Novice: 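Please find one structure pasted underneath; my questions will follow.
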Amino acid sequence: MTTYLLRDVSPLGEARTDLLLADGVVAAIGTGLEAPADAVEIDGAGLVALPGLVDLHTHLREPGREDAETIATGTRAAALGGFTAVHAMANTTPTQDTAGVVEQVWHLGRRAGWVDVFPVGAVTVGLEGERLAELGAMAESAARVRVFSDDGKCVHDPVVMRRALEYVKAFDGVVAQHAQEPRLTEGSQMHEGVVSAELGLAGWPAVAEEAIVARDVLLAEHVGSRLHVCHLSTAGSVEIVRWAKSRGIDVTAEVTPHHLILTDELARGYDPLFKVNPPLRTQRDVEAVREGLADGTIDIVATDHAPHPREDKDCEWAAAAFGMTGLETALSVVQETMVETGRMTWADVARVLSSAPARIGRVDGQHGRPIAVGEPANLTLVDPAARRVVRPQGQATKSENSPFGGRELPGRVVATFLRGRATVLDGAPVDEEVQR
Amino acid sequence: MKHLLSASDLTRDEAVHILDTAGQMAATQAREIKKLPTLRGRTVVNLFFEDSTRTRISFETAAKRLSADVINFSAKGSSVSKGESLKDTALTLQAMGADAVVIRHQASGAPHTLASSGWTHGAVVNAGDGTHQHPTQALLDAYTLRRHLVGDRGRADVSGRDLHGLHVAVVGDVLHSRVARSNVQLLHTLGARVTLVAPPTLVPVGVEAWPCEVSYRLDDVIVDGKPDAIMMLRVQRERMSSAGGGFFPSPLEYSRGYGLDARRLEALPEHAIVLHPGPMNRGLEISADAADSDRAVIVEQVANGVAVRMAVLYLLLAGEQSTTNRSAE
């Protein structure tokens, strides 16, 4: 295995130092480290070193929709985005609701080798919201599932949700809820408000999210369980989670990069690239989720990377699929919205994009670790001074449905290391090394 | 004007120009030979993804009176229901050389998508998209209002005039109505004051940004607002079932609160006129007394629709002919 000596990097944006990566771990830290004979030196001047990023919410689409993404293409995109671990959502075909399917996804992730793939298990059979899937079997499988979600659909039945919250306690699991009251959102196309009223698109009201978040934090309190709220998108949801945390309820929440930066005004052109679920909200909501992320109410940023083939976006709005890609732009969006605005430090970025999601997913033995001697060498080097124009066609993800096409974003992932092995160098994927 | 997608695309002067042109078109329609040679050799496609015999016939008549070739393309069941996609349909029409595409679609924004996609180079006319817009309906309503209520009640020349000072009440299912959205914008642009009247369940969240007033009480609007015109919107009976949304308890209760009957007709100012975009639900939003009264201009709206659509097609196609080289696009 190649030994890497990273010269002059700034761990978490702090004082410059050298990092020696050998045998899969951080072998030494200090200024002016002696380079071992076979070490590859990387000039890290100006680069920030972060623990490898961990995404708690990725749609890799395999098995079932390999035309949109495969585990190989999606994880390669993840590595380019600075990730060393992703949680693969359960809404595949077949659904990840049995030990067999989650093990298949886990094996395909291992074979691809770009990042560690942790499959998310479905809460209910076929995401139908009626019967609990075999959560225990998935937890005990080789994939060791700890995060369970019907994402894409809400576990709307309060009894089913209660049972799931209780049941996963046996193996320290967590239910990640896609908070969307189904009756209030039948046929919904975009955020319900001034813009939807004018565009004549059926509204997805904020209350449909907030009602479920409120119910679920109360359920979690009642049964003493751990709850995670996926892609929280409204100011009201931030308030509810803030209140729940102040009461000591064991709830965590995520926000997507797109909800940190985009608003419902973008629907005005009827371009389905901006159609996503939950929908883009108002500027007031954007402000609220930024504030919530900065003050810790929202624990993490998760991409909700949702690739779709071109035909599913090349049509009228109502016919288009919900979702946008995000693995290769997430860190840049966080830099622009949170770091460059002075709301967060790079240490905070490491928390919301690495250590906290690793802890929620219970993969914090390997991922989201401090940058310290003896720790697994899962690292990302970022050039915060770089600026780039996003080109969806040039991305590693198989799909082109990025909402940021043509937009200039700050920051560039220069290198990613998975247990000391470079998956990305000079901003390019290291295919040979991964294939080895 | 390259396309007509939304009433909000029109400035006051553009809208007045369309109404004036429609007036000229209407004048030709009083002649024995109604057909004009203006658009000879041009092709207008009526692309209807949603049934609407009235609107299609109106556009077809308008195009034919201008000597355009008309192709009716009924594409019921779009990509939404797994038929041919809007894109493939548009590429097909482009290959056939459509100069203008008149599109009716159940999805809000479909005409916008068609116009901005590059799938067709023709002018796109929105003939009603989902619950978004129906700009030619608003234009024909404005034309009708102007003819009756501006310039000494139709006896003077109204060219160049807008609707300044008029008060129009628009009553009914605003939430699902593209007619209401188009009229609010266009009538406001033309200087009229608009009051929307509907049960609260049929008023969209976000309406506060619209340039109009909103009332839940029709009788108050009639008595206190003294509208110069009242426009009744079609209310679908299905809307009251829970599957249709459960927007009101029963058709009877709706009629009592928001229907235009003989009593309310009587309470309107003497000069006020009654409009309805059709097709009417007699006995629900409008009673036979009101629909058939001499205050109702509903049949005239249909005739004015042809003149307005002639004007729109003329301005989009003949105006463009002289200024751009189509093959170079």
Side-chain angles (χ1 to χ4, degrees), chain A residues 182-210 234 236 263-275 279-285 308-322 400-401 405-406, chain B residues 5-8 49 78-91 103 105-119 126 128-134 174-182 184-185 196 203-211 214 242-246:
Chain A
R183 280 281 285 152
L184 283 171
T185 52
E186 278 170 19
S188 293
Q189 296 293 324
M190 67 171 296
H191 173 69
E192 182 167 67
V194 167
V195 183
S196 68
E198 186 181 332
L199 296 187
L201 289 173
W204 197 133
V207 62
E209 173 175 307
E210 292 153 6
T234 77
T263 70
D264 63 341
E265 290 289 331
L266 289 162
R268 286 191 185 278
Y270 290 100
D271 185 341
L273 281 178
F274 301 108
K275 180 174 174 179
L280 301 176
R281 305 285 185 185
T282 67
Q283 190 60 41
R284 183 176 152 264
D285 296 300
H308 288 289
R310 194 189 302 177
E311 60 268 26
D312 287 349
K313 289 290 190 181
D314 212 5
C315 53
E316 57 275 27
W317 181 283
F322 288 98
E400 296 174 2
N401 56 309
Chain B
L5 304 177
S6 167
S8 64
F49 288 85
S78 71
S79 57
V80 180
S81 57
K82 294 289 171 219
E84 187 179 49
S85 72
L86 177 61
K87 178 177 182 173
D88 289 324
T89 306
L91 292 173
I103 177 174
H105 202 291
Q106 61 273 40
S108 298
H112 198 285
T113 302
L114 187 63
S116 58
S117 61
W119 300 332
N126 183 356
D129 62 328
T131 55
H132 178 221
Q133 283 278 317
H134 193 358
V174 174
L175 179 63
H176 300 96
S177 177
R178 50 196 173 212
V179 176
R181 283 174 177 75
S182 307
V184 165
Q185 290 171 340
L196 296 175
V203 176
V205 166
V207 76
E208 64 275 11
W210 295 9
V214 177
S242 67

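Order of the sequence lines fixes the chain letters, A, B, ..., with proteins taken first and strands second; residue numbering starts at 1 for each chain. Since this is a predicted model, take the numbers as computed values, not measurements.
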Novice: Is chain A contacted by the side chain of B:Ser108, its backbone, both, or neither, given a heavy-atom distance below 4.5 Å?
Specialist: both
Novice: Should A:Pro205 and A:Thr185 count as side-chain neighbours, where that means a heavy-atom distance under 4.5 Å?
Specialist: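 In short, these two side chains touch, coming nearer than 4.5 Å.
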Novice: Does A:Lys275 use its side chain to pair, donor to acceptor, with the backbone of A:Ala321 at less than 3.5 Å?
Specialist: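 Not a single qualifying donor-acceptor pair exists.
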Novice: Using the side chain to side chain donor-acceptor pair (under 3.5 Å) criterion, which residues pair with B:Arg181? Sequence neighbours excluded.
Specialist: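 Result, side chain to side chain donor-acceptor pair (under 3.5 Å) vs B:Arg181: none returned.
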Novice: For B:Gly109, is there any backbone N or O sitting under 3.5 Å from a side-chain donor or acceptor partner on B:Asp129?
Specialist: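 Side chain of B:Asp129 to backbone of B:Gly109: a pair is present.
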Novice: Tell me whether A:Ser188 contacts the main-chain N or O of A:Ala202 through its side chain, where contact means a donor paired with an acceptor under 3.5 Å.
Specialist: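 Not a single qualifying donor-acceptor pair exists.
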Novice: What residues of residues 266-274 of chain A sit under 4.5 Å from chain B when you count only heavy atoms?
Specialist: A:Arg268, A:Gly269, A:Tyr270
Novice: Examine whether an atom of A:Glu311 lies under 4.5 Å from a heavy atom of chain B, and if so say whether it belongs to the side chain, the backbone or both; otherwise answer neither.
Specialist: neither
Novice: Pick one of side chain, backbone, both or neither for B:Gln133, based on which atoms fall under 4.5 Å of a heavy atom in chain A.
Specialist: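 Looking at B:Gln133, nothing touches chain A.
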Novice: Within the side chain of A:Asp285, is there an N or O that forms a donor-acceptor pair under 3.5 Å with the backbone of A:Thr282?
Specialist: yes
Novice: Search all heavy atoms of B:Leu5 against all heavy atoms of B:Pro111 and return the closest pair with its distance.
Specialist: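 For B:Leu5 and B:Pro111, the tightest heavy-atom pair comes out as CD2-O, 3.8 Å.
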